[in-house]
Amino acid sequence: MKKHSPVSRSGRFKGGPDADVAQFTESISFDWRLWRHDLAGSLAHAAMLRKIGVLSRSEAAAIERGLHAIAREIQQGKFRWKPELEDVHMNLEAELTRRVPAGAKLHTGRSRNDQVALDLRLWLREEILLLLGEIADLQRALVSLGEANATVVIPGYTHLQRAQPVYLAHHLLAYAEMLERDNERLWDGWSRVNVCPLGSGALAGSTLKLDRGFVAKQLGFTDLDGKPRLTQNSMDAVSDRDFAVEFCAAATLLAVHLSRLAEDLILWASAEFHFIRIADAYTTGSSLMPQKKNPDVAELIRGKAGRVLGNLVGLLTLLKGLPMTYNRDLQEDKEQLFDTADTVRASTRLMAAMLRHTKVNQTACRAAASDPALLATDLADYLVRKGMPFRQAHHAVGSVVALAEKLGLPLNRLTLAQLRSVNPFFGRDALVVFDLKRAMARRNLPGAPGTKEVVRQLAAWRKKLSR
Ligand code: ARG
């Protein structure tokens with residue numbers, strides 16, 4: 001059986017682990033993507049070691065050159081990752097040391113435990129910003145679709161039953177609101193990612209005079225005043241993955257919002273609703289039924305929310321029984337974290353692109369919104385304006401609905417005499433209630449789907465998102 005001899009086993013161990021063990025324990029196959037962050041951390045650490053005199057000027061310069069050369073090779077796809085070196089940290093350090101003897105000093109006062117915590121934080125800090133960009137773009141796509149169909153009214157639903165009319169834009173802006181809360185949650189979490197753990201060592205810091213503040217500043221772990229933000233407990237710092245859990249939780253809620261939007265689009269694209277047409281590029285055909293056009297992108301966005309939720313539960317489960325401090329279990333955090341980040345970013349991006357390639361079928365929307373039953377509540381409000389207590393008005397309109405059903409007539413086709421036969425409060429102006437345009441103009445409470453209010457909301461979103 002092939003034997004390996006990774007760096008971490010030198011000295012204490014005779015020979016390397018069994019090949020099967022090496023394969024079981026390696027993380028390079030997925031943590032290689034942290035290479036830029038690992039190199040950035042090493043550059044900052046080396047600069048600090050130079051500052052405190054552990055490295056000579058020429059040693060620091062050689063290490064810097066060596067790290068930059070490795071970065072170039074990775075970028076060009078020329079770097080050979082060695083699984084027997086276990087992870088990204090040891091691959092980079094071993095290669096550096098092979099080229100630059102002073103590389104052997106780089107790990108002074110550092111452990112892979114604080115190193116991996118650092119790399120993850122550096123990586124996630126970037127990842128969150130990229131995701132925030134995609135979220136803003138999706139909000140823009142929602143606003144654009146609303147603006148392009150600003151006069152379109154559809155039924156709003158509760159229990160998936162027609163309830164009251166709303167502007168399509170109002171429905172779309174509901175998702176802009178959800179996404180805004182996702183944005184706030186991710187930002188809030190970002191501030192807890194942005195804390196530097198380096199200098200925590202394996203678990204107990206170092207006896208050397210490391211300058212933690214210097215490293216933190218080099219890597220941008222600073223507050224608004226430019227002061228370094230440092231983890232305050234070395235044991236917590238090497239085993240804390242709260243920042244990853246928070247991200248996965250915020251990302252899961254985002255994925256759930258995307259999933260709900262996907263579900264709406266899937267319903268709207270069905271022949272039963274027919275409110276929208278998703279461009280061919282975002283749908284697929286059936287291998288059997290020639291007429292089919294399936295909203296697969298939306299369905300996959302809905303489906304992927306499941307695995308994002310699974311990652312969150314997996315991560316929490318991973319953490320719940322861990323004794324202090326670092327345990328190798330923590331290596332299992334990465335695939336779940338990476339998968340969540342990749343999945344929500346792609347889902348958000350594709351949702352925005354799909355919306356930009358979606359046309360609203362205004363005729364079908366108009367037909368659905370013209371259902372006079374949607375204005376039954378407006379008729380009750382009419383009676384309230386005439387002085388009737390709402391409970392009675394609700395009952396009276398209920399009787400009107402029953403009468404219309406019995407006569408097989410739409411609500412707005414009843415005569416004044418028929419309305420009065422139910423209740424004498426109904427006057428000549430009662431049927432005006434069914435004028436949809438007027439009905440929409442009346443709904444102008446803040447946050448309501450009224451004509452003026454929705455225009456105001458669209459403009460406010462447009463302004464907010466142009467920043
Ligand atoms: N590959 C490890 C991880 O991802 C890096 C830290 C390893 N530390 C250790 N003491 N074995 O968690």
Side-chain angles (χ1 to χ4, degrees), residues 4-13 15-42 44-45 74 79 81-97 106-127 193 195-206 231 233-245 247-248 311 314-342:
H4 301 294
S5 187
V7 176
S8 70
R9 297 173 64 91
S10 61
R12 167 75 173 75
F13 295 88
D18 184 275
D20 203 20
V21 171
Q23 203 186 29
F24 186 71
T25 54
E26 65 85 24
S27 58
I28 189 65
S29 55
F30 49 87
D31 69 12
W32 68 271
R33 70 188 282 174
L34 296 172
W35 67 267
R36 272 193 305 113
H37 313 89
D38 199 76
L39 290 177
S42 287
H45 188 64
I74 299 173
F79 191 83
W81 298 104
K82 297 187 183 138
E84 62 272 24
L85 289 178
E86 204 176 295
D87 57 23
V88 65
H89 324 293
M90 296 218 292
N91 264 269
L92 296 179
E93 190 191 328
E95 183 56 26
L96 175 72
T97 309
L106 182 61
H107 215 48
T108 309
R110 188 173 75 168
S111 156
R112 274 184 298 153
N113 298 353
D114 58 352
Q115 193 177 356
V116 72
L118 172 75
D119 291 6
L120 276 183
R121 284 170 182 272
L122 287 169
W123 176 84
L124 189 53
R125 228 172 41 173
E126 276 178 21
E127 192 57 39
V193 180
V195 187
C196 189
L198 210 67
S200 301
L203 79 161
S206 171
T231 54
N233 182 300
S234 61
M235 296 178 79
D236 178 40
V238 294
S239 56
D240 169 28
R241 294 295 182 271
D242 291 4
F243 63 90
V245 172
F247 171 75
C248 286
N311 288 337
L315 190 55
L316 286 165
T317 312
L318 174 71
L319 298 173
K320 75 172 273 297
L322 292 186
M324 289 286 261
T325 55
Y326 178 86
N327 296 271
R328 189 61 179 274
D329 313 44
L330 287 174
Q331 182 167 294
E332 290 286 310
D333 61 358
K334 274 165 231 52
E335 283 162 295
Q336 313 194 50
L337 179 62
F338 294 162
D339 184 62
T340 287
D342 293 344

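Side-chain atoms are counted along with the backbone in the values below, which use heavy atoms only and exclude waters and symmetry mates. Position 1 is the first residue of the sequence; numbering continues from there. Remember, it's 1-based here, ligands and their atoms both numbered in the order they're listed.
Using a cut-off of 4.0 Å between Lys/Arg side-chain N and Asp/Glu carboxylate O, Glu86 and Arg112 are scored as salt-bridged. In this structure, Asp87 does not pair ionically with Lys334, as no charged nitrogen and carboxylate oxygen lie closer than 4.0 Å. Using a 4.0 Å cut-off between a side-chain N of Lys or Arg and a carboxylate O of Asp or Glu, Asp342 and Arg33 qualify as a salt bridge.
Ring centroid separation for the pair Phe79 and Trp35 does not come in under the 6.0 Å cut-off.
Enumerated by chain and number, the residues approaching ligand 1 to less than 4.0 Å through a heavy atom are Ser27, Asp87, His89, Arg112, Asn113, Val116, Tyr326, Gln331, Lys334.
Trp32 CH2: 12 or fewer foreign heavy atoms inside a 6.0 Å radius.
Contact annotation: the side chain of Asp114 never approaches that of Tyr326 to less than 4.5 Å [non-hydrogen atoms, C-beta and beyond].
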